[in-house]
Amino acid sequence: MSVHRVVPNIPVSAGGEAGTDASALRDTTAFYGLLGFEEVMNHGWIMTLASPTRPAAQISFMTKDATGPVNPDLSVEVADVDAVHAALVREGAEIVYGPHDEEWGVRRFFVRDPNGRVINVLTHR
């Protein structure tokens, strides 16, 4: 699956099976892997995922943010929104909205990630 564009940063909490920062980052890596991302950096408290086909398209996830709040909204543009939707449905992800063709020229759906954030997944028509 190809990622075309992304806007970062997302805080994560220790909400994984083991309830640790490492498990939260592992859960996040697994979820975003369904969208086509791969881990490119991990310091234990901050991890960056990137598209293997467009390395500049990156998202950073932080378990601890000492510098203040970050914007919790995230949009991910993909090559085939319906294929991504199907993969997420197969894995049991919670679809919040759509898929829907919007009047401004995108097909999109919202999905809740493992950290409770709502992600707008879209393809331009």
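Values below: every heavy atom of this structure, side chains too, minus hydrogens, waters and symmetry copies.
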Worksheet entry | Approximate separation, where rounding is to 0.5 Å, of Asp113 CG and Ile10 CD1 | 5.5 Å
Discussion item. Minimum heavy-atom separation for Ser51 and Arg54, please, with both atom names.
Written reply: OG-N, 3.1 Å
Worksheet item: From Asn42 CG over to Arg26 CZ, what is the distance, rounded to the nearest 0.5 angstrom?
Response: 10.5 Å
Worksheet item: Parallel, tilted or perpendicular: which fits the ring planes of His85 and Phe109, with parallel below 30° and perpendicular above 60°?
Response: perpendicular
Worksheet item: Does a side-chain N-to-carboxylate-O contact under 4.0 Å join Asp101 and Arg108?
Response: no
Item to complete: Would you indicate whether the side-chain heavy atoms of Ile59 and Phe37 approach each other to under 4.5 Å?
Response: yes
Discussion item. Side chains of Val89 and Ile95, heavy atoms from C-beta outward: is any pair under 4.5 Å?
Written reply: yes
Discussion item. For Tyr32 and Phe61, take the angle between the two ring planes, folded into 0 to 90°, and tell me which bin it lands in: parallel under 30, tilted 30 to 60, perpendicular over 60.
Written reply: tilted
Fill in: Closest approach of Thr29 to Glu39 (non-hydrogen atoms, all atoms of both residues)
OG1-OE1, 3.9 Å
Worksheet item: Is there a donor-acceptor pair closer than 3.5 Å between any side-chain N or O of Thr123 and the backbone N or O of Val78?
Response: yes
Worksheet item: Atom NE2 of His100 and atom CG of Leu122: how far apart are they, to the nearest 0.5 Å?
Response: 13.5 Å
Response to the item:
Correct closest heavy-atom pair for Pro52 and Gly36 would be CD-O, 3.2 Å
Item to complete: Go through the side-chain N and O atoms of Thr28 and Asn115 and say whether any donor and acceptor fall under 3.5 Å apart.
Response: yes
Worksheet item: Can Val3 and Val76 be said to form a side-chain contact (heavy atoms from CB on, under 4.5 Å), step by step?
Response: CA-CA 7 Å; Val3 175; Val76 177; 4.1 Å; yes
Worksheet item: Shortest non-hydrogen contact from Pro114 to Asp27?
Response: CG-O, 3.7 Å
Response to the item:
Heavy-atom closest pair (Pro55 atom, Ala50 atom, distance to 0.1 Å) is O-CB, 3.8 Å
Worksheet item: What distance do Met47 atom CE and Leu25 atom CG have between them, rounded to the nearest 0.5 Å?
Response: 4.5 Å
Practice prompt. Go through the steps for Val81 and Val121 under the test side-chain contact (heavy atoms from CB on, under 4.5 Å), then give the verdict.
Written response: CA-CA 7 Å; Val81 72; Val121 182; 4.1 Å; yes
Worksheet, complete the sentence: Closest heavy-atom pair, Arg107 versus Arg125, reported as atoms and distance to 0.1 Å, is N-CG, 4.0 Å
Response to the item:
Between the CG atom in Leu88 and the CZ atom in Arg112, the distance rounded to the nearest 0.5 Å is 13.5 Å
Worksheet item: Can you check whether Leu34 reaches Val84 side chain to side chain, under 4.5 Å on heavy atoms?
Response: no
